[in-house]
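Notes for the one structure printed next.
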Amino acid sequence: CDIRSLGYEEKRKLLATIEKAVAFVTTMIFQDGSSQLNSEQVLTSSVKGVVVLVKNQTDYPCLPGYSSTDCTWDAANEDDKLIYLKTEWSSLWEQEQQAHKKFTWQVLFQMLRCKVPIICFNAKDFLRTLLQVYGNEISWKQVADSVVLDPRIAAWLINPSDTVPSFECLIQKYFEKPFSVETVNTDTGPLRNTSYQNLGVNLEKLYNVMMDLAHDLQVQGLWKLFCTLELPLIKILAVMETHKIHVNKQELKKTSEILGLRLKELEQEAHQVAGERFLLTSSHQLREVLFEKLKLHTLCEKVHRTEIQQLVSTSEVVLNKLQDLHPLPKIILEYRQVHKMKSTYVDGLRMCMRKGFISSTWNQTGTATGRLSAKHPNIQGISKHPIRITKKQYIKGKEEEIVTISPRTLFVSKKGYTFLAADFSHIELRILADLSSEPELLKLFQEPETTDIFSSLASQWKGIPSEQVKHADREQAKRIVYSVVYGAGKERLADCLGTTPLQASQFIESFMQKYKKINEFTKKTIEQCRNKGYVVSIMGRKRPLANINAQDYKLRTQAERQAVNFVVQGSAADLCKMAMVEIFTSVVVSPNLTARLIAQLHDELLFEVEDSQIQEFS
DNA sequence: TAGTTTACTGTGAGG
DNA sequence: TCCTCACAGTAA
Ligand SMILES: [Mg+2]
């Protein structure tokens, strides 16, 4: 039904029906007539309305106890209602339209409030759009209270390596019966009968595929992970995406100019010492200058090569080794640092800016390990370290000024609010200690005198008193631990530490000797993966690794490293998500806390907290 | 032909 | 050594 044709009594009845529904299957409709179920990229055109299939059948197979045999596709229940809710109004001043608008959000509000599951492909986009359209009528805490199901996330839990690009792909892969998606692209008229029916058919398919996936999740022991972690996260991310972070626009413009000037200077210097003009940003051209013209690599033992083409690399580690041979590498190193800062953190951020604010897009199904990822901007990858650059003061004459630029300070909290971060301490290493039961490592974590795990580790490993552990020892211990655990070879570790491969191999050997149980853990993990074809994290998250039994050595050993890495990184992701859900929920249920979650940086949560609530929130 | 799009590659920031 | 995203150059 179209709610515009309903009378008062019918509207009242509809709201009552909604209360008693078993599920809502829904999609947004866009201006161009497409929906979230079309394979073409959405979000290019604005939202026009929402279509909801209200499922009312009483013999509905309840989710946890679902068995796929009672599900028949053609039995679209007659009690089911398909409703269209128009969310955009051309002329709001007409009283009749005002009434429609009010009723529309009453329906949507009811759907969110009544805890009946809302099934939606890309549910995060749906919830975010509701918050954006009804920002004044619906609060973020109300959205956080709703119950949503997203089959895309279910599919990703079953196999995190394939991300399911569209609804069509989802149907092809997971729908028991081979039906194709009905094309719904009629860009004329509000909703013509044909497209209306096709949408109904597709929503019915969406419902059924969600049921099938729910069953699969239960069979694979992923149901609890899905319900307690991933589903609540959908709402959290939707709410996060509606919160805008203020960035210092003037500062951004100014630093872009300063960095641009410095780049010009460095470019000049580079051309001068190279004796020719070339593009400093081109690794190909730089390689020609450094290695074909100047032949610097011949004066240096064992230089790193590129992955695919096996050419001599121009990466930071190589340039560091070449520093004493020629002035060019040092100039390039600084150029790269300044260029990265300008292109990614200053100009890149400006591109993401809308009216002085930014808001990242979060991807819940983009990683193979269960982590989140962010883009536009990638707020998880903003540089921590400030850089110092010398700025020539042309106006005042010969004076030089040193300015420091730190990308993170470009983000500013709202007036009266403060950024507050909470993070885990060495979560991956703790998980490793737990999973391996390595006694020496466990002891270090349990000892109250351990203030810094890597310092203690360096002390214990090298047998030197903890007071004598230097910063370099700590850094070395840190690198060795993570490198060895995830299976780095001696060459890679040597590159990483700046030592010889021989020394690196001795480090690996001595580490394995001292912490035998860690080595046993990696062996056991690989063995389990060989037997089952997949590895499992603490919360039961899975990663199938088809190459674990491959003939090809390179592919097989890669799968082995991925297996070990997944168990640790994936388990860490589980715990970080648990913390995220728990802390977010505690803010939602609090009647007075107004703190907003800004970002998740894997093991760190960043909030914006009202100044007067910092104590209570902490 | 000139200009745009796409995929791949190398590099470097985060964890 | 694993998992990401952004940017720039290059060739198709
Ligand atoms: Mg930390």
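Which of B/dG10, C/dT1, C/dT4 sits closest to the side chain of A/Ala368 comes down to C/dT4. Side chain of A/Asn565, nearest nucleotide from C/dG9, C/dC3, B/dT9: C/dC3. Nearest to the side-chain atoms of A/Gln309 among the listed nucleotides C/dC5, C/dT1, B/dT9 stands B/dT9. Relative to the side chain of A/Arg408, the nucleotides C/dC5, B/dG15, C/dG9 differ in distance, and B/dG15 lies closest. With distances taken from any side-chain atom of A/His385 to the nucleotides C/dC5, B/dG14, B/dG15, the minimum falls on B/dG14. In this structure, of C/dG9, C/dC2, B/dG14, it is C/dC2 that holds the atom nearest to the side chain of A/Arg561. Looking at the side chain of A/Ser283, the nearest of the listed nucleotides C/dT4, B/dT11, C/dC5 is B/dT11.
Within 4.0 Å (heavy atoms only), A/Lys340 reaches at least one base atom of the nucleic acid.
Close to B/dT11, at under 4.0 Å from its OP1 or OP2, lies no side-chain N or O of A/Arg336. OP1 or OP2 of C/dA6 has not a single side-chain nitrogen or oxygen of A/Ser343 nearer than 4.0 Å. A sub-4.0 Å separation between OP1 or OP2 of C/dG9 and a side-chain N or O of A/Thr281 is present. Within the 4.0 Å cut-off from OP1 or OP2 of C/dA6, not a single side-chain nitrogen or oxygen of A/Gln380 is found. One finds no side-chain N or O of A/Arg371 lying less than 4.0 angstrom from the OP1 or OP2 phosphate oxygen of B/dG14. One finds no side-chain N or O of A/His284 lying less than 4.0 angstrom from the OP1 or OP2 phosphate oxygen of C/dA8. A close approach under 4.0 Å does not occur between any side-chain nitrogen or oxygen of A/Lys342 and OP1 or OP2 of C/dC7. Taking side-chain N and O atoms only, A/Ser315 has no distance below 4.0 Å to OP1 or OP2 of B/dG10. Regarding contacts with the backbone of B/dT11, a side-chain N or O of A/Ser313 is found under 4.0 angstrom from either OP1 or OP2. Under 4.0 angstrom from either OP1 or OP2 of C/dT4 there lies no side-chain N or O belonging to A/Thr367.
Rounding to whole angstrom units, CG of residue A/Leu319 and P of B/dG12 are separated by 7 Å. Computed from coordinates, the A/Tyr335 OH to C/dC7 P distance equals 15 Å when rounded to whole Å. The NZ-P distance, from A/Lys384 to B/dG14, rounds to 7 Å in whole Å. The separation between A/Asp423 atom CG and B/dG14 atom P is 15 Å, rounded to whole Å.
As rounded to the nearest Å, B/dG10 and C/dT1 have P atoms that lie 15 Å from one another.
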Determine whether A/Phe511 and A/Phe507 satisfy the following criterion, ring pair (Phe, Tyr, Trp, His ring centres under 6.0 Å), listing intermediate values before the conclusion. CA-CA 6 Å; A/Phe511 185 87; A/Phe507 281 142; over 10 Å; no
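For A/Thr314 and A/Arg336, the side-chain atoms include at least one donor-acceptor pair closer than 3.5 Å.
In this model, no side-chain donor or acceptor of A/Gln562 finds a partner on the base of C/dC2 within 3.5 Å.
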